[in-house]
Amino acid sequence: MRFHSLPQSKRYAEDESEYAVVLERYNTVLDELFAGTDVYVITPHWSAEAEVPPLPPGAGYWQSLLAEDDPEPEFRTYCHLFAARRPWQRGCIDELLRDIADDKVAGVLITDTRMRRIHHPYDGGADVFLPTPEERDRMRDRHTDWLSAHPSGL
């Protein structure tokens with residue numbers, strides 16, 4: 001399911017009061033998903049090189065994927081994934097969430113350690129993947145004002 005970060009599906013915050021709304025929405029959903037548990041914060045690094053780039057601070061190398069194969073090596077694209085395990089606490093990744101909201105960082109996933117609940121924040125909102133339709137529906141019903149008015153839900 002998809003939640004929007006700002007009222008009326010506005011994509012980008014323009015002032016500190018709007019950033020406060022963005023972070024409040026992200027953190028409210030993240031608290032509901034992960035309060036009292038450890039999470040993985042998974043960050044991608046896209047590259048034309050198969051070699052793993054330097055590790056981001058606090059993260060460990062997880063795996064690399066060949067995202068775009070091409071007979072010409074210079075046109076290949078690799079996605080190197082880094083993961084950091086941490087106890088979830090409200091606000092613990094606010095700096096990262098703000099960079100995501102500003103489209104400075106993309107492709108981040110926050111997941112429980114069994115990878116059954118996934119929060120994928122992006123500039124404009126977050127997609128949430130839950131293990132059952134019932135859990136999805138309960139979360140959706142708690143935050144109906146954050147849903148898209150578009151018939152597709154996007």
Side-chain angles (χ1 to χ4, degrees), residues 1-47 52-65 67 77-154:
M1 114 194 76
R2 178 166 286 179
F3 292 117
H4 287 182
S5 296
L6 289 166
Q8 289 81 47
S9 301
K10 184 176 178 180
R11 190 159 193 150
Y12 295 104
E14 294 179 20
D15 58 37
E16 289 306 313
S17 67
E18 289 184 338
Y19 280 111
V21 172
V22 169
L23 292 174
E24 175 65 24
R25 288 187 181 191
Y26 281 149
N27 278 297
T28 296
V29 172
L30 288 162
D31 277 350
E32 290 177 22
L33 293 171
F34 306 123
T37 67
D38 280 3
V39 297
Y40 290 122
V41 179
I42 302 167
T43 55
H45 176 84
W46 297 90
S47 171
V52 177
L55 297 177
Y61 172 71
W62 180 24
Q63 64 178 318
S64 294
L65 308 168
T77 303
Y78 296 87
C79 180
H80 305 284
L81 298 172
F82 299 89
R85 183 173 176 157
R86 65 180 315 141
W88 173 253
Q89 293 179 338
R90 183 180 196 89
C92 68
I93 59 169
D94 278 1
E95 184 177 333
L96 176 62
L97 292 172
R98 190 168 171 141
D99 284 347
I100 292 166
D102 286 338
D103 199 24
K104 293 178 183 174
V105 177
V108 172
L109 301 174
I110 301 105
T111 178
D112 63 281
T113 57
R114 293 178 59 206
M115 296 189 176
R116 293 176 35 105
R117 289 173 182 80
I118 300 170
H119 184 271
H120 172 56
Y122 60 89
D123 58 315
D127 292 335
V128 177
F129 302 91
L130 297 166
T132 67
E134 295 80 19
E135 191 173 344
R136 177 204 61 214
D137 292 348
R138 285 191 303 271
M139 180 168 278
R140 180 197 63 218
D141 293 347
R142 285 192 298 271
H143 306 293
T144 56
D145 291 346
W146 302 354
L147 301 172
S148 171
H150 192 278
S152 71
L154 303 177

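Considering only heavy atoms from C-beta on, L33 comes within 4.5 Å of M139 through its side chain. Two residues are said to be in side-chain contact when any heavy atoms from C-beta on lie closer than 4.5 Å; R90 and L30 fail this criterion. Within the 4.5 Å cutoff, side-chain heavy atoms of H80 are placed close to those of S47. Looking only at side-chain heavy atoms (C-beta outward), F3 and L147 come within less than 4.5 Å of each other. Between F82 and V41 there is no side-chain heavy-atom pair separated by less than 4.5 Å. Side-chain contact between V29 and M1: absent, with no pair of heavy atoms (C-beta onward) separated by less than 4.5 Å. Under the 4.5 Å side-chain criterion, counting only non-hydrogen atoms from C-beta, I118 is not in contact with D127. A heavy-atom distance below 4.5 Å is found between the side chains of R25 and P7.
Scanning all heavy atoms of the two residues, the minimum distance from R85 to D38 falls at NE-OD2, 3.0 Å. Closest non-hydrogen pair, W46 versus C79, comes out as CZ3-CB, 3.5 Å. Considering all non-hydrogen atoms of both residues, A13 and V22 come closest at CB-CG2, 4.3 Å. What you find for S5 and V21 is that their closest heavy atoms are O-CG1, 3.7 Å. In plain terms, the two heavy atoms of C92 and P87 that are nearest each other are SG-O, 4.3 Å. Of all heavy-atom pairs between Y26 and P121, the closest is CE2-CB, 3.7 Å.
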Worked check of salt bridge (charged side-chain N to carboxylate O under 4.0 Å, His left out) between R140 and E32: CA-CA 12 Å; R140 180 197 63 218; E32 290 177 22; over 6 Å; no
Pair D141-R138, salt bridge (charged side-chain N to carboxylate O under 4.0 Å, His left out): steps then yes or no: CA-CA 5 Å; D141 293 347; R138 285 191 303 271; over 6 Å; no
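For H120 (side chain) and I110 (main-chain N/O), no donor-acceptor pair under 3.5 Å exists by modelled atom type.
The distance from the CD atom of Q63 to the OH atom of Y61 is 7.0 Å, given to the nearest 0.5 Å. Put simply, CG on D31 and CD on Q89 are 10.0 Å apart, with the number rounded to the nearest 0.5 Å. Expressed to the nearest 0.5 Å, how far CH2 of W62 lies from OG1 of T43 amounts to 11.0 Å. With rounding to the nearest 0.5 angstrom, the CG atom of D123 is 12.0 Å from the CG atom of D99. Atom-to-atom distance recorded for I93:CD1 and L23:CG is 10.0 Å, nearest 0.5 angstrom. Taking OH from Y122 and CZ from R11, the interatomic distance works out to 7.5 Å, rounded to the nearest 0.5 Å.
Donor-acceptor pairing under 3.5 Å is lacking for the side chains of Y19 and D94. With no hydrogens or angles considered, a side-chain donor-acceptor pair links E24 and T28 at under 3.5 Å.
Judged as a side chain to side chain donor-acceptor pair (under 3.5 Å), the pairs with a partner in residues 103-118 (not counting sequence neighbours) are, in order, R117-E135.
In this structure W146 satisfies the ring pair (Phe, Tyr, Trp, His ring centres under 6.0 Å) test together with H143, sequence neighbours excluded.
Around CD of E95, the count of heavy atoms belonging to other residues, nucleotides or ligands within 6.0 Å does not exceed 12.
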